[in-house]
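One structure is given below, encoded as C-alpha cells.
Heavy-atom basis, side chains included; hydrogens, waters and symmetry copies ignored.
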Amino acid sequence: MMEGKADTRLELLITIVDYSLRKVLRDLYKRIKLPFYLQSQGYGSAESEIYDLLGFGSPKKIFAMSIQNATTARRILAALYGRIGFDQPGTGIAFTISLSSVTSSLWKISNQACDLDQIKTEKEALPMELKEPYDLVVAIVNRGHSELVMEAAKGAGATGGTLLHALGLGSKEAEKFLGIAIQSEKDVILILTPRENKAAIMEQIAHEAGMHTAGKGICFSLPVNTALGLEPRLELE
C-alpha cells in the first residue's frame, strides 16, 4: 500500500523507559539508522513500594530525545509500541511535541531518511491519539531540591515524574538580572499531565520550589501531540 505524502513538520520525540529496556531502545534506533538522538539516565519519582506493587521496573530510567518529521516520529512510536509493552504500568512513556523552528543544519539532519523498512509494524490502530490534551511540565531547580517539586506537583494532581541531572550554564548578566548566582548543578523534573491540571501544578511548584525558595526553581510547559504509555495510569499517593 502506498503511503500518503510525508508530513514534514518537525517534532521532538521523547522516550522514557525502564532501565531494563535500554538495549531494546538502543537496538531499535541503531537498526533504523536514526540520524540524531540524545540519551541520558533519569530516575522515576515513585517510591520503591510502588515498583514492588507493579512487579516491574525500577526508579532508574533511560531518557532519549530525538527530532524527526511527524511521519517518521509516528512510525517510530509504532515500532516502540510493538517492542515495548507500554500498556504495562511502570514500563515507560513516549510522546511528541511540535517544534516551531529549528536551525537549518538541524532541519537537514532531522529529515535524513531513516531505514523505515526496519520499523514496519502489524499494529493497525495504536493508542497514541490523546482523548484529552496533555502538557509536559518542565521544572528546573538547584540540585537536591527535586523532592520539593514532586511533593508540590503531586499535591496538585500529578501522578509522577522523571528526574534528570543537568548543568546550568549562564552569563554574568543573567545572574545580575535574576539577583542570584547561577548554580552549575541542576535537577530537571519532567511531568506529563492532563492540561486541566497544568496550571495548578505549575502554581504549586512556583510556590513551593520557586525563585523565593532554596530550590530557586523555574517552570514552563509544552503541549503534547501524541503519546504512548498514559493508560492505564496508576494514581500515586
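Between Glu185 and Asn142 the shortest side-chain heavy-atom distance does not fall below 4.5 Å. Annotation: side chain of Leu34 is in contact with side chain of Ile76 (closest heavy-atom distance under 4.5 Å). Within the 4.5 Å cutoff, no side-chain heavy atoms of Arg195 are placed close to those of Tyr134. Between Leu12 and Met65, some side-chain heavy-atom pair lies under the 4.5 Å cut-off.
Between Tyr29 and Tyr37, the ring centre distance stays below 6.0 Å.
Asp18 places no side-chain N or O within 3.5 Å of a backbone atom of Thr91 that could act as its donor or acceptor partner. Checking side-chain atoms of His145 against main-chain N and O of Ile140 turns up no donor-acceptor pair under 3.5 Å. Arg22 places a side-chain N or O within donor-acceptor distance of the main-chain N or O of Tyr19, the cut-off being under 3.5 Å. A donor-acceptor pair under 3.5 Å is formed between the side chain of Lys216 and the backbone N or O of Met211.
Rounding to the nearest 0.5 Å places CD of Glu147 at 9.5 Å from NZ of Lys154. We find the CG-CD1 distance between Leu163 and Ile191 to be 10.5 Å, quoted to the nearest 0.5 Å. To the nearest 0.5 angstrom, Leu192 atom CG is 11.0 Å from Leu222 atom CG. With rounding to the nearest 0.5 angstrom, the CD1 atom of Ile93 is 10.0 Å from the CG atom of Leu228. Taking CD1 from Ile14 and CZ from Phe95, the interatomic distance works out to 4.0 Å, rounded to the nearest 0.5 Å. How far CZ of Arg75 is from CG of Leu80: 12.5 Å, rounded to the nearest 0.5 Å.
Here the shortest heavy-atom pairing between His207 and His212 reads O-NE2, 2.9 Å. Scanning all heavy atoms of the two residues, the minimum distance from Lys198 to Ser221 falls at CD-OG, 3.2 Å. Taking both residues in full, the closest heavy atoms of Ile16 and Lys61 are given as CG2-CB, 4.1 Å, listed atom of the first, atom of the second, then distance. For Arg143 against Ala166, the heavy-atom pair with the smallest separation is NH2-O, 3.5 Å. Between Gly157 and Asn197, the shortest heavy-atom distance links the atoms O-ND2, 4.1 Å. When every heavy atom of Cys219 is checked against every heavy atom of Val137, the shortest pair comes out as SG-CG1, 3.5 Å.
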Quiz prompt | Steps toward side chain to side chain contact (heavy atoms under 4.5 Å, CB included) verdict (Val17, Ile84) | solution = CA-CA 9 Å; Val17 297; Ile84 297 176; 4.1 Å; yes

Quiz item: What's the verdict on side chain to side chain contact (heavy atoms under 4.5 Å, CB included) for Val149 and Asp187, showing C-alpha distance, side-chain angles and the deciding distance?
Solution: CA-CA 10 Å; Val149 173; Asp187 285 342; over 6 Å; no

Quiz prompt | side chain to side chain contact (heavy atoms under 4.5 Å, CB included) between Ile62 and Gln39, worked out | solution = CA-CA 7 Å; Ile62 287 295; Gln39 181 174 301; 3.9 Å; yes

Quiz item: Hey, mind stepping through Leu164 and Leu190 against side chain to side chain contact (heavy atoms under 4.5 Å, CB included) and telling me if it holds?
Solution: CA-CA 8 Å; Leu164 303 173; Leu190 307 178; 4.0 Å; yes

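More than 12 heavy atoms of other residues, nucleotides or ligands shown are found within 6.0 angstrom of NE2 on His165.
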Using distance only, find each side-chain donor-acceptor pair of residues 96-106 under 3.5 Å and give its atom names and separation, not counting sequence neighbours.
unit_1	atom_1	unit_2	atom_2	d
Thr96	OG1	Thr226	N	3.4
Thr96	OG1	Thr226	OG1	2.9
Ser98	OG	Asn225	OD1	3.4
Ser98	OG	Asn225	ND2	2.6
Thr103	OG1	Ser105	OG	3.4
Thr103	OG1	Leu106	N	3.4

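A single hydrophobic cluster is not seen to contain both Leu148 and Val188; linkage of ILVMFWY side chains at heavy-atom distances under 4.5 Å, directly or through other members, places them apart.
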